[in-house]
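In the text below, chain A, chain B and the rest are named by the order of the sequence lines, each starting its count at 1. Note that the structure is predicted; figures quoted are calculated from it, not measured.
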Amino acid sequence: MQDTFGVAPLSGVPMQALTVLVVDDHSVFRSCVRQLLERSDHCWRVQEAQSAEECLDLVHRECPDLILMDINLPGQDGLTATREILKHYPQLPILILTSLEVEEYEEEAKALGALGIISKCDLSVRKLEDLMAGVVHG
Amino acid sequence: MAEGSDSFTALVGLANLEQLQQAFEEMCQLPVVFTDLDHHPLLTDTTVGPLRFSVPIESNGQTIARLAFGQSDVAPKVMRAVAATLQTIANLIAQQAAIAYQNKILSQQMVHLSIGVTQAHEEERHRIARELHDEITQGLSSIGLGLDLVMMDLGGEHAVYSALEQLQIQATELTRQIRRMSQDLRPPALDNFGLVPSLRQYIKRFGQQKQAPTVVFQVEGEMYRQPPDIELAIFRVVQEAMNNAYKHARAHEITVTLAFGEESLDLSVVDNGRGFELGEDLSLLASEGHLGLIGMQERMAAVGGRWQVESNPQQGCQILAHCPRVLDPSAPS
């Protein structure tokens, strides 16, 4: 299941420059997403964070173009981190990826200003590529 | 007053002490009072006059109070003749008082133990739910994505492509099943969003069961968060009450009302099921097989709340839970 909330996607940004930050405490999942993105036609530069704290640090230092954020993280959760990031970088697209029930978190994610929320259960290479392409091309 | 005597008075109760004193006086034909270790009466408005003798009331080898006997009008010669018998009776009475006290302590310990078991049970459920989510479902999602990558490399024409596709479908279904199990053990939304969204979600899933009753969920007042143990206790009471209404009472309709008051959080779960005969003594519920009801009562007591049940055969059931509002939800309740 997926949902995007009509937040303005990235447009007019040169493809080569795009950096995506994958925030997830599960290393195998991060690695799969990295392989997928690095092999995609859009040549994403992938950075990884395993906690909200690491993510915030990277956001300030590296200014990623897109964040894929898990909800359940050790320490601060992904929704709180999203709120904090969007306070400082309101234009930064954040896609919430979760293995929790998407319906339960849809409203909250939308209210926070996230780009969308996607269930990890339904995640496929094509779906993720489409979403990322949507972010790039609008 | 000594600490042991305080505990003795508190556990046995002032009214019971008074009744016991009167019964012993009638039995022995002597003024009788319960005293602390220094012979000060435990009931303030009683006196024994000049003391004849006293016997200790002991618990676990320690004297916790005394039973004091005063003088009587009976001739000293007669008193001397019955002194040994009187002493024996006094000791027996003291032993009975000690047993009553120990029973009270044991009963209190049982309640604490039961609360402890429930808390340990909840912690274990929480741990398993977290592990199912954090390890198993995350791992399965990674397997699904990994299979997708392999399939992408092989291409749709490859001999094993459809087998991998089936594996991926199975991995996705397994992820969904484990997610549901994790939800049942401990809904993650309860910690993240609180009672109302979690109950909405629970009621929605409850309604998907075969021949499930219609559930009306009402929220009164402005929603606020409470400490996790209070929210969990209320959530579990709703779960138990709804399951009872569905599985045992065969109700067609359940109304759940959550009222966020300024002073308290109140819950009511009303069903139109078969109902049941409710004895006068709720402490007998366990022996009558209503363990779920006892569980609800204990859960509410453990968080400083109250719980009540009203039911009659063929007249449905009403469960009420009340919890004083905690103004700082991050503080332990």
Side-chain angles (χ1 to χ4, degrees), chain A residues 1 22-41 50-51 68 70-83 96-112 117-131, chain B residues 126 129-156 164-165 167-184 186-205 208:
Chain A
M1 187 175 287
V22 183
V23 190
D24 200 304
D25 58 333
H26 204 274
S27 60
V28 180
F29 187 80
R30 281 200 317 269
S31 160
C32 283
V33 174
R34 169 187 281 277
Q35 284 180 53
L36 161 68
L37 293 173
E38 284 178 346
R39 287 160 57 172
S40 90
D41 296 338
Q50 51 185 331
S51 67
L68 297 179
D70 188 19
I71 292 181
N72 266 31
L73 293 168
Q76 193 181 60
D77 66 85
L79 293 174
T80 311
T82 299
R83 184 182 295 119
I96 309 283
L97 279 177
T98 182
S99 47
L100 298 167
E101 285 280 354
V102 163
E103 277 179 27
E104 284 184 24
Y105 295 88
E106 223 164 13
E107 210 177 304
E108 174 85 356
K110 188 176 181 179
L112 287 174
I117 180 163
I118 313 158
S119 168
K120 284 185 186 175
C121 297
D122 302 318
L123 196 61
S124 66
V125 170
R126 176 164 293 175
K127 193 173 278 183
L128 193 54
E129 277 194 326
D130 286 351
L131 279 165
Chain B
H126 200 175
R130 214 169 31 229
E131 265 181 33
L132 281 176
H133 173 266
D134 292 354
E135 300 302 326
I136 315 290
T137 58
Q138 301 271 46
L140 282 168
S141 300
S142 305
I143 289 172
L145 212 52
L147 282 170
D148 222 13
L149 280 167
V150 175
M151 285 156 66
M152 199 166 73
D153 278 354
L154 293 175
L164 291 176
E165 206 170 33
L167 279 177
Q168 196 186 35
I169 291 168
Q170 282 182 27
T172 305
E173 184 48 34
L174 205 52
T175 312
R176 288 210 179 93
Q177 283 179 19
I178 291 175
R179 192 171 61 186
R180 272 198 295 273
M181 278 171 68
S182 172
Q183 284 259 346
D184 288 342
R186 166 105 179 192
L190 192 58
D191 297 321
N192 292 326
F193 303 130
L195 266 173
V196 173
S198 314
L199 284 175
R200 280 215 175 96
Q201 193 64 28
Y202 173 72
I203 288 166
K204 189 178 164 192
R205 282 193 293 131
Q208 289 162 357

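- The NZ atom of A:K120 lies 7.0 Å from the OG atom of B:S142; values are rounded to the nearest 0.5 Å.
- For B:R179 against A:S119, the heavy-atom pair with the smallest separation is NH1-OG, 3.5 Å.
- Between atom CD of residue A:Q35 and atom CE of residue B:M152 there is a gap of 9.5 Å, rounded to the nearest 0.5 Å.
- Taking B:L149, B:T172, B:T137 one by one and counting their heavy-atom pairs under 4.5 Å with chain A, the maximum is reached by B:L149.
- One distance of note links CD of A:E103 with CD of B:Q201; it measures 6.0 Å at 0.5 Å rounding.
- Interatomic distance, B:L145 CG to A:K127 NZ, rounded to the nearest 0.5 Å: 11.5 Å.
- The shortest distance between side-chain heavy atoms of A:S27 and B:Q138 does not fall below 4.5 Å.
- Put simply, the side chain of B:I143 does not reach to within 4.5 Å of the side chain of A:F29, judged on heavy atoms.
- Heavy atoms closer than 4.5 Å to chain A are found in the side chain of B:Q183, but not in its backbone.
- Interatomic distance, B:D134 CG to A:S99 OG, rounded to the nearest 0.5 Å: 8.0 Å.
- Taking OG from B:S141 and CG from A:L97, the interatomic distance works out to 9.5 Å, rounded to the nearest 0.5 Å.
- Considering only heavy-atom pairs separated by less than 4.5 Å from chain A, the leading option among B:G144, B:P188, B:G146, B:P197 is B:P188.
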